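Computed from a predicted model, the values in this text were never measured in an experiment.
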2 protein chains.
Amino acid sequence: MSAREKVLDAFEELLLNDGERGATLDAVAAQAAVSKGGVLYHFKNKDALVQGLTERLGDLTAVDTAAMIADPRGPSAYYVDTSVYDGSAIDRALIATARLAQEAHPVAREALAGTQRAWYELIEEEVGTRAVARAILLLGDGLYYNAVLTDEVANTQALGSGAADRAELLEVVAMLKDQAAARERAGGAGDPA
Amino acid sequence: MSAREKVLDAFEELLLNDGERGATLDAVAAQAAVSKGGVLYHFKNKDALVQGLTERLGDLTAVDTAAMIADPRGPSAYYVDTSVYDGSAIDRALIATARLAQEAHPVAREALAGTQRAWYELIEEEVGTRAVARAILLLGDGLYYNAVLTDEVANTQALGSGAADRAELLEVVAMLKDQAAARERAGGAGDPA
DNA sequence: GTCTATATGTTGATAGAC
DNA sequence: GTCTATCAACATATAGAC
């Protein structure tokens, strides 16, 4: 493995385990088993490290969306299935990038937004209905996750905050509730179709 | 307002806007319009500040769960409805705490877990089915949000990662998809019951 | 209760040896 | 390509004046 990749792996690992604050140049150097000077040879400053990670996420997103398209169950099934963290390469890159985004790194935020956009487009195409696609995406990624990672915190009027949007989401939840009640009556975990 | 609360508000505000890294003692002092010494009089060190915030979250969670119980639409409707960030006191405390949890503050992680537990218990009681309750909670809070904020990153075998759990979640998504298709056929956004 | 020093450790980054 | 100084900037925390 190239030394550059080794350094990037170290940065990612530290972000996952210790957060952004723990991912200092010293710590990255130690984790990658090189000196600080060695790290700064491959990445001239910390921003370059962040940049390197977002580029990795971009590459992995391309691979992921290809798999999403190829999955016979359809994009949304693939999406939810893989939304459970299992330590895959894209999971790691995604969460590491999320840690950076939390600390207001614009580059990291853009990278995350790009990944989500790619997911959304495929799901929207599959289910047809805008509301359901958004619901699946929001319910999957998590409403709060969005709030934490985007500028929704600063901008309360971001997408998904409107009363009408909220009502649509509530309908979906009502659907889930009704379906659960029906299943209770039928008494089993059988085919919901 | 007490000076203590003013300092805590400043800490919270900085966490929301600038992340954990921006919430330095200097910055907190400036935001609260007191000196650093003034901050350290009310909170003897930074950990005490974190502690103060988590206690605030605990208090707000108690208020929130009471409202959740009182809501005639039921806990899950209340839950999803209020999962959209709107700058309420609990939203702010929650996200500020989340920022700290991201940086591996154990106290903050426990506080968040406690809040989620309170929500889960009410939703589980309402819908009856374990799987649906978990789905609503996970789909609401976000699968990734969980991964980011808990030790799921370090511990891949955390709840919700099992193949059976995953299959249950997929069924719920299939339900959503079927319902969306049925609604498309009916041609409207009408009553899903 | 609130302020001003001040001590002490870290962090990101540079310069230059090997 | 990789390392060892070395530095200025900044962070937390203490001591003690007012």
* Would you kindly compare A:T24 and B:V39 by the position of their nearest DNA chain C nucleotide and give the one closer to the 5′ end? => B:V39
* Whole Å only: how far is the NE2 atom of A:H42 from the C1' atom of D:dG1? -> 7 Å
* Asked: B:L25 near the nucleic acid: base, sugar-phosphate alone, or nothing, with a heavy-atom cut-off under 4.0 Å?
  -> sugar-phosphate
* Nearest-Å distance, CG (B:D26) to C1' (D:dA9)? -> 12 Å
* Asked: Starting at NZ of A:K36 and ending at P of C:dG12, how long is that distance when rounded to a whole Å?
  -> 8 Å
* B:N45 CG to D:dT14 C1', straight-line distance once rounded to whole Å -> 12 Å
* With the threshold set at 4.0 Å, does a side-chain nitrogen-carboxylate oxygen contact exist between B:R21 and B:E103? -> no
* Salt bridge present between B:E20 and B:R99 (N-O < 4.0 angstrom) -> no
* Given DNA chain D, 5'-ward residue of the pair B:G37 and B:K46, judged by closest heavy atom -> B:K46
* Figure out the CG/P separation between B:L40 and D:dT12, and round it to whole Å. => 9 Å
* To do: In whole angstrom, give the distance that lies between atom CZ of B:F11 and atom C1' of D:dT12.
  => 13 Å
* Kindly indicate, with the supporting measurements, whether the criterion side chain to side chain donor-acceptor pair (under 3.5 Å) is fulfilled by A:T61 and A:D64. => CA-CA 5 Å; A:T61 298; A:D64 191 60; over 6 Å; no
* Asked: Would B:N17 and B:E13 satisfy side chain to side chain donor-acceptor pair (under 3.5 Å), going step by step from the backbone distance to the final call?
  -> CA-CA 6 Å; B:N17 294 337; B:E13 175 77 10; 2.9 Å; yes
* Whole-Å distance separating the NZ atom of B:K44 from the P atom of D:dT14 -> 8 Å
* Asked: Tell me: OH of A:Y41 to P of C:dT14, nearest whole Å?
  -> 16 Å
* **side-chain N/O A:R21 vs D:dT12 OP1/OP2, d < 4.0 Å** => yes
